[in-house]
Amino acid sequence: MPSALPDGESVPADGALPAQALAGATGRPLGFYLHVPYCATRCGYCDFNTYTATELRGTGGVLASRDNYADTLADEVRLARKVLGDDPREVRTVFVGGGTPTLLAADDLVRMLAVIRDEFGLAADAEVTTEANPESVDPAYLGTLREGGFNRISFGMQSAKQHVLKILDRTHTPGRPERCVAEARAAGFEHVNLDLIYGTPGESDDDWRASLEAALGAGPDHVSAYALIVEEGTQLARRIRRGEIPMTDDDVHADRYLIAEEMLTGAGFDWYEVSNWATSEAGRCLHNELYWRGADWWGAGPGAHSHVGGVRWWNVKHPGAYAAALASGRSPGAGRELLSEEDRRVERILLELRLREGVPLSLLKEEGLAASRRALADGLLQEGPYEEGRAVLTLRGRLLADAVVRDLVD
């Protein structure tokens, strides 16, 4: 089942933010994340805040139905307009995630985007993305999305090998994600991403190379490749604990990452975040860059997280509770926290170090600077950027990014 929400102070019934959160807002980009919490089946590795029809049955009534979800989410967008008041910013990015957003009708996704356009306005060059399950779209569906204003789409491919997909409990068939890329291009999508996962138990190096070859052959301009993380409470974790399948070790993950870097770079992709590669700057996911650079975003939907001006909050998780709160005129916020300057400094290091541009050395304290010098000597940071005042990971540093970050935040 989905992981637990963090602790925090209560959110006002009207969702009002502290005055300092809105100060200087016009100088920061604004994005929206729209969470669709429905899935046809639950993948064995997933601990996201998602629900199948069976899991919702009898727990949320009509309020938890996906049939009226677009209208419910629109209510939160209108709440966001009230909370942000006369904030003049147009929305720079919209990202619809889940779950499986494409379980909703294409017209529903378009209506969700339309309410953002109506309440806030979209920047002329706004990036508008939805995630999609390869089996839940067809050319007509994709055409409706494109006509409705979506210009970027991200397909969950995970692997090109059937036995790997089976371990992950993925329901699509090998080859379908690649065909989806062609259908999305034909519909007029400018930017297409394929999501891959490496390190699944039973996957070989050759399996991983075959998945990368299939992805590259499809012609996306963006590829995300993530090491499989086995989360407690998932079906996959229980199977590993029972000894049904083996756990993949860190050395295998490192080898698979190096394979990805070699093959993606050889095909004209450049890394811009540790787990993300694009063929050009225009191909980067701008919405994710909002997260990584600490900009402002409003997360609408059950369990969605938001951040505006140093205030972070999160919604109640269950779709029924979420809908009930909005129906009664209350914010669906479950808790929030006001980030201190030190919190924000640490988060900048945690997130920006993962980017190709790295993090300014001026953010580091004395212990962190000493650690950065050791990382430089160990070949974990690039010499040129370091001399210019920035900590930028080398390829070896990317393999050890979490450890480097831990040292630099001291």
Among Tyr226, Trp277, Trp271, which residue satisfies the ring pair (Phe, Tyr, Trp, His ring centres under 6.0 Å) criterion with Tyr257?
Trp277

The test is side chain to side chain contact (heavy atoms under 4.5 Å, CB included); show your working for Val96 and Val36 and say whether it passes.
CA-CA 7 Å; Val96 186; Val36 177; 3.9 Å; yes

Between [X] and [Y] (side chain of the first, backbone of the second, donor and acceptor by atom type, cut-off under 3.5 Å), is there such a pair?
X: Arg81; Y: Glu119; result: yes
X: Asp378; Y: Leu380; result: no
X: Arg92; Y: Pro29; result: no
X: Arg185; Y: Glu190; result: yes
X: Gln382; Y: Leu393; result: yes

Do the non-hydrogen side-chain atoms of [X] and [Y] ever get within less than 4.5 Å of each other?
X: Asp255; Y: Trp208; answer: no
X: Ser204; Y: Lys161; answer: no
X: Lys166; Y: Ser159; answer: no
X: Leu122; Y: Leu113; answer: yes
X: Pro319; Y: Tyr69; answer: no
X: Asn151; Y: Arg146; answer: yes
X: Cys285; Y: Phe95; answer: yes
X: His253; Y: Asp250; answer: yes

For Trp314 and Glu337: C-alpha separation, side-chain torsions, deciding distance, then whether side chain to side chain contact (heavy atoms under 4.5 Å, CB included) applies.
CA-CA 9 Å; Trp314 44 92; Glu337 59 182 339; 4.1 Å; yes

N/O donor to acceptor pairs below 3.5 angstrom from side-chain atoms of residues 194-203, sequence neighbours left out:
unit_1: Asp195; atom_1: OD1; unit_2: Asn193; atom_2: ND2; d: 3.2
unit_1: Asp195; atom_1: OD1; unit_2: Ser224; atom_2: OG; d: 3.4
unit_1: Glu203; atom_1: OE1; unit_2: Gly199; atom_2: N; d: 2.8
unit_1: Glu203; atom_1: OE1; unit_2: Arg256; atom_2: NH1; d: 2.7

Is there a side chain to side chain contact (heavy atoms under 4.5 Å, CB included) between Asp14 and Lys82 once you walk through the steps?
CA-CA 9 Å; Asp14 62 359; Lys82 292 178 182 177; over 6 Å; no

Rounded at 0.5 Å granularity, tell me how far [atom1] in [X] sits from [atom2] in [Y].
X: Cys39; Y: Arg66; atom1: SG; atom2: CZ; result: 10.0 Å
X: Ser331; Y: Trp313; atom1: OG; atom2: CH2; result: 8.5 Å
X: Leu216; Y: Glu213; atom1: CG; atom2: CD; result: 8.0 Å
X: Ser275; Y: Arg398; atom1: OG; atom2: CZ; result: 10.0 Å
X: Asp407; Y: Leu364; atom1: CG; atom2: CG; result: 11.0 Å
X: Leu258; Y: Glu262; atom1: CG; atom2: CD; result: 8.5 Å

Please find the pair of heavy atoms, one from [X] and one from [Y], that lie closest to each other, and give the distance.
X: Ala160; Y: Met157; answer: CB-CE, 4.0 Å
X: Phe269; Y: Pro220; answer: CZ-O, 3.4 Å
X: Ala106; Y: Tyr141; answer: N-CE1, 3.4 Å
X: Glu90; Y: Ala123; answer: OE1-CA, 3.5 Å
X: Ala391; Y: Leu408; answer: CB-CD2, 4.3 Å
X: Leu22; Y: Val83; answer: CD1-O, 4.1 Å

Using a strict 4.0 Å threshold on nitrogen-to-oxygen distance, state whether Arg344 and Glu347 make a salt bridge.
no

Under a plain distance cut-off of 3.5 Å, with no hydrogens placed, do Arg396 and Thr394 share a side-chain donor-acceptor pair?
no

Any donor-acceptor pair under 3.5 Å linking the side-chain atoms of His163 with those of Asp207?
yes

Around atom CD of Glu281, are there more than 12 heavy atoms of other residues, nucleotides or ligands at under 6.0 Å?
no

Within a reach of under 6.0 Å around CD of Glu366, are more than 12 heavy atoms found that belong to other residues, nucleotides or ligands?
no

Less than 3.5 Å apart, which donor and acceptor atoms pair up between the side chains of residues 124-137 and the rest of the protein, not counting sequence neighbours?
unit_1: Glu127; atom_1: OE1; unit_2: Leu286; atom_2: N; d: 2.8
unit_1: Glu127; atom_1: OE2; unit_2: Leu286; atom_2: N; d: 3.3
unit_1: Glu127; atom_1: OE2; unit_2: His287; atom_2: N; d: 3.0
unit_1: Glu131; atom_1: OE1; unit_2: Gly98; atom_2: N; d: 3.1
unit_1: Asn133; atom_1: OD1; unit_2: Glu135; atom_2: N; d: 2.8
unit_1: Glu135; atom_1: OE2; unit_2: Thr173; atom_2: N; d: 2.9
unit_1: Glu135; atom_1: OE2; unit_2: Thr173; atom_2: OG1; d: 3.3
unit_1: Ser136; atom_1: OG; unit_2: Thr102; atom_2: OG1; d: 2.5
unit_1: Ser136; atom_1: OG; unit_2: Asn133; atom_2: O; d: 3.0

Please report the C-alpha distance between Glu261 and Leu395 in whole Å, then the side-chain angles of each, then the deciding distance to 0.1 Å, and finally whether the side chain to side chain contact (heavy atoms under 4.5 Å, CB included) criterion is met.
CA-CA 9 Å; Glu261 169 67 10; Leu395 175 56; 3.9 Å; yes

Pair Tyr33 + Tyr291: ring centers closer than 6.0 Å:
no

Identify all side-chain donor-acceptor contacts of residues 292-302 below 3.5 Å with residues at least two apart in sequence or on another chain.
unit_1: Arg293; atom_1: NH2; unit_2: Glu357; atom_2: OE1; d: 3.1
unit_1: Asp296; atom_1: OD1; unit_2: Arg28; atom_2: NE; d: 3.1
unit_1: Asp296; atom_1: OD1; unit_2: Gly309; atom_2: N; d: 3.0
unit_1: Asp296; atom_1: OD2; unit_2: Arg28; atom_2: NE; d: 2.8
unit_1: Asp296; atom_1: OD2; unit_2: Arg28; atom_2: NH2; d: 3.0
unit_1: Asp296; atom_1: OD2; unit_2: Arg89; atom_2: NH1; d: 2.9
unit_1: Asp296; atom_1: OD2; unit_2: Arg89; atom_2: NH2; d: 3.3
unit_1: Trp297; atom_1: NE1; unit_2: His305; atom_2: O; d: 3.0
unit_1: Trp298; atom_1: NE1; unit_2: Glu76; atom_2: OE2; d: 3.0

What residue among His222, Arg284, Arg354 forms side chain to side chain donor-acceptor pair (under 3.5 Å) with Tyr272?
His222

Pick from Leu363, Asp343, Leu353: which one makes a side-chain contact (heavy atoms from CB on, under 4.5 Å) with Arg348?
Leu363

